Protein chains: 2
Amino acid sequence: MRTFVAAVDAGRFQSAAARLSITQQAVSKRVAALEKDLGVQLFVRTARGAQLTIDGQVFLPHARALLLAAEQAAASVRPGRRALRVDVVGRRLAPAGLVRDFHRAHPEIGLDVVTLFGADAAVDAVRSGVIDATLRAVTMPGRQLPDGVEATPVLDEPLRLFVGPTHEFATARAVELARLVGHRIWMPGNIRGTEWTAYYDELGAAFGLTIDTIGPDFGIEALLDTIADSSTLATFLTDRTPLVWPVGHDLRLIPLCDPTPIYPHSLLWRTDNPHPALTALRDHLTAAAPDDPDGETWAPSWARTRRCGPTRRPKGAGPRR
Amino acid sequence: MRTFVAAVDAGRFQSAAARLSITQQAVSKRVAALEKDLGVQLFVRTARGAQLTIDGQVFLPHARALLLAAEQAAASVRPGRRALRVDVVGRRLAPAGLVRDFHRAHPEIGLDVVTLFGADAAVDAVRSGVIDATLRAVTMPGRQLPDGVEATPVLDEPLRLFVGPTHEFATARAVELARLVGHRIWMPGNIRGTEWTAYYDELGAAFGLTIDTIGPDFGIEALLDTIADSSTLATFLTDRTPLVWPVGHDLRLIPLCDPTPIYPHSLLWRTDNPHPALTALRDHLTAAAPDDPDGETWAPSWARTRRCGPTRRPKGAGPRR
DNA sequence: TAGACGCACAACCGATGGTTGTGGATTGTG
DNA sequence: CACAATCCACAACCATCGGTTGTGCGTCTA
């Protein structure tokens with residue numbers, strides 16, 4: 001590919017060879033091999049150089065794209081001045097959506113998104129500098145952050161009940177958390193030991209709910225299918241879950257209240273990290289006005305935020321959607 | 001790259017090797033070589049397989065993108081069921097913009113854009129099936145299309161005068177074509193023998209204008225710079241020229257009238273071409289309402305369209321912008 | 001503690017991909 | 001019109017690369 005592009009740019013195999021520090025014959029062989037691989041002729045060879053065929057013209061931008069991809073791939077792991085690495089708690093959850101919004105707002109900033117197993121690993125990776133930031137539910141106080149790692153609350157996300165059309169709560173405007181006792185809540189695809197699972201374990205324990213946080217994950221589509229067809233199964237999702245709403249399924253997102261379970265996302269980063277994109281990300285995330293749920297809220301003990309407890313509206317706030 | 005991705009997908013070098021029909025040792029060597037190239041460790045080797053490091057996680061999507069690019073590159077020239085190939089008269093002219101709009105409206109349709117030298121070559125390429133369609137100024141009647149090639153007018157594009165702030169016509173609301181006699185018009189970057197050059201040659205001859213269609217092309221930016229600083233030089237552009245308007249330059253697009261020069265773009269394709277995307281492109285282009293210039297218009301003799309000559313408004317229509 | 005499993009290292013060897021040398025085709029020039 | 005200059009393809013040759021087989025070590029499990 002590199003040789004092909006060099007030959008196009010040079011217009012002649014000879015000068016391309018010089019530029020690549022190989023012989024003209026090697027260029028000829030490489031191009032011939034590429035043409036044989038593809039099964040089409042890329043150049044017409046003339047006495048004063050090589051001219052692209054139509055196939056060659058079509059192929060050229062793809063070749064350039066490939067070289068660019070190779071360059072970016074190598075750059076993504078090059079130590080020093082690499083793209084910003086952000087860890088999100090799950091690709092299909094709100095933080096992933098937030099980071100994607102950031103990417104859309106600043107497409108020129110190189111961004112790599114990873115998902116580590118557990119908040120501890122994520123915090124450790126931030127501390128060691130392997131990643132630049134993480135979006136996790138480790139808001140203080142309650143857990144000690146390592147020295148040099150800072151956190152700021154980004155989004156207090158209210159959970160909603162996700163049910164099919166035949167479910168008991170399908171037509172409810174809002175559901176009190178206590179009324180979920182005895183109902184089966186299904187949260188597949190979680191891994192033991194992450195704070196995501198710990199959240200639902202504590203939520204279930206606090207209100208006596210039956211929340212299955214284990215079981216194999218066959219993907220969000222399978223989950224949606226199962227929920228849609230079941231009159232007893234439900235799951236927790238949020239407004240910001242970045243999923244493609246399936247057509248044909250009559251699925252509903254029912255607000256929860258008294259209290260509303262809150263998933264408190266925070267951004268964590270190393271104080272001395274000089275990456276310029278990190279500042280941009282922090283500004284972007286804090287600028288986006290965080291959801292401010294009405295009524296009573298609940299968050300796990302290890303993640304209580306300032307906003308916990310009753311707020312302005314004293315009680316029983318209805319759905320806002 | 002392929003081996004790396006296979007190893008990630010399999011989770012173990014052994015099964016990746018089986019899938020690739022090579023030995024486990026070969027996989028080990030390949031991954032080791034890749035890690036050495038990149039200078040980072042991609043896997044942590046455990047007793048029950050290979051787990052991605054953080055660097056590996058970051059690298060993985062880039063590797064997949066690279067493989068996808070390679071696949072698309074090969075597919076772009078694979079005979080039979082390849083992406084739609086469209087020839088446009090110039091990358092920075094209106095047809096390129098039209099095709100780009102089509103791509104934005106249908107991003108799922110594979111599209112390859114090429115530029116051939118001259119309408120004859122383009123028509124020939126359409127006839128032989130090497131490309132699927134061309135956007136050219138070869139509207140009938142006046143030239144005979146080969147059997148099996150059909151054409152439809154797509155856009156009658158009115159030319160405008162592009163001048164800097166110190167030019168004589170900089171403040172004019174519209175300029176009659178006859179008033180350009182004696183002024184120097186510069187149209188660099190054209191190649192002899194294309195219908196693009198022929199157009200300006202005939203336009204110049206018909207009205208006694210001085211149009212330089214030769215000379216080296218240093219890019220549109222250089223052209224803009226030169227025009228901006230000159231009080232005598234001007235060039236022809238159109239509203240739809242897909243260029244990035246430079247900040248800092250006070251450049252103007254002045255309408256032309258009595259008559260307004262029209263550049264008549266047509267879509268040409270082979271009648272028996274079954275490519276489904278071709279139908280979509282044709283529909284998209286004919287659905288976009290073509291510009292309908294007011295007042296008297298002019299087109300070269302070899303490209304007279306139905307719309308030629310005086311239309312509804314009898315004379316001296318002003319600028320529409 | 002033995003066996004299974006999984007990866008790395010070493011030795012080996014053929015195919016790959018470079019080199020030099022040469023020839024044919026086209027273009028510009030005295 | 002011949003001659004030199006270019007430019008690319010083909011042939012022969014050879015080093016290196018990248019695969020193979022064989023083996024060893026560490027870890028998990030019965």
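Quick note on labels: first sequence line is chain A, next is B, and so on, each numbered from 1. Keep in mind it's a predicted model, so treat the numbers as computed, not measured.
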Inset, instruction - Scan Ala50(A) against the nucleic acid and name what it touches under 4.0 Å (heavy atoms): base, sugar-phosphate only, or nothing. - result: sugar-phosphate
Inset, instruction - Could you tell me whether Ala32(B) contacts a base, only the sugar-phosphate backbone, or nothing, with contacts defined as non-hydrogen atoms closer than 4.0 Å? - result: nothing
Legend entry - By side chain to side chain contact (heavy atoms under 4.5 Å, CB included) - contacts of Pro146(A) (at least two apart): Val123(A), Arg127(A), Val149(A)
Legend entry - Pair listing, side-chain hydrogen bond (donor to acceptor under 3.5 Å, both in side chains) test, anchored in residues 24-36 of chain B, at least two apart: Thr3(B)-Arg30(B), Glu35(B)-Arg45(B)
Inset, instruction - State which residues pass salt bridge (charged side-chain N to carboxylate O under 4.0 Å, His left out) with Asp112(A); sequence neighbours excluded, sorted by chain then number. - result: none
Legend entry - Test item: Arg85(B) side-chain N/O and Gly129(B) main-chain N/O as donor-acceptor pair under 3.5 Å: no
Inset, instruction - For DNA chain D, determine which residues of residues 16-30 of chain B have any heavy atom closer than 4.0 angstrom to one of its atoms, and list them numerically. - result: Ile22(B), Thr23(B), Gln25(B), Ala26(B), Lys29(B), Arg30(B)
Inset, instruction - Assign a letter to each nucleotide of nucleotides 25-30 of chain C from its 5' end: B, base within under 4.0 Å of a protein heavy atom; S, sugar-phosphate only; -, no contact. - result: -BS---
Legend entry - Spacing between Arg2(A) atom CZ and dG18(C) atom P, to the nearest angstrom: 13 Å
Legend entry - chain B footprint on DNA chain D, 5' to 3' - any atom under 4.0 Å from a heavy atom: dG19(D) to dC28(D)
Inset, instruction - Under the salt bridge (charged side-chain N to carboxylate O under 4.0 Å, His left out) rule, collect the residues that match up with Asp147(A), sequence neighbours excluded. - result: none
Inset, instruction - Applying salt bridge (charged side-chain N to carboxylate O under 4.0 Å, His left out), name anything that partners Asp37(B), two or more places apart in sequence or on another chain. - result: none
Legend entry - side chain to side chain donor-acceptor pair (under 3.5 Å) partners for Asp87(B), two or more places apart: Thr134(B), Arg136(B)
Legend entry - With Arg48(A) via salt bridge (charged side-chain N to carboxylate O under 4.0 Å, His left out) - residues at least two apart: none
Legend entry - Qualifying side-chain hydrogen bond (donor to acceptor under 3.5 Å, both in side chains) pairs, either residue in residues 63-75 of chain B, two or more places apart: Asp9(B)-Arg64(B), Glu71(B)-Arg78(B)
Legend entry - Partner residues of Phe4(A) under the ring pair (Phe, Tyr, Trp, His ring centres under 6.0 Å) criterion, sequence neighbours left out: Phe43(A), Phe59(A)
Inset, instruction - Whole angstrom is fine here: how far is it from CZ in Phe13(B) over to P in dC5(C)? - result: 19 Å
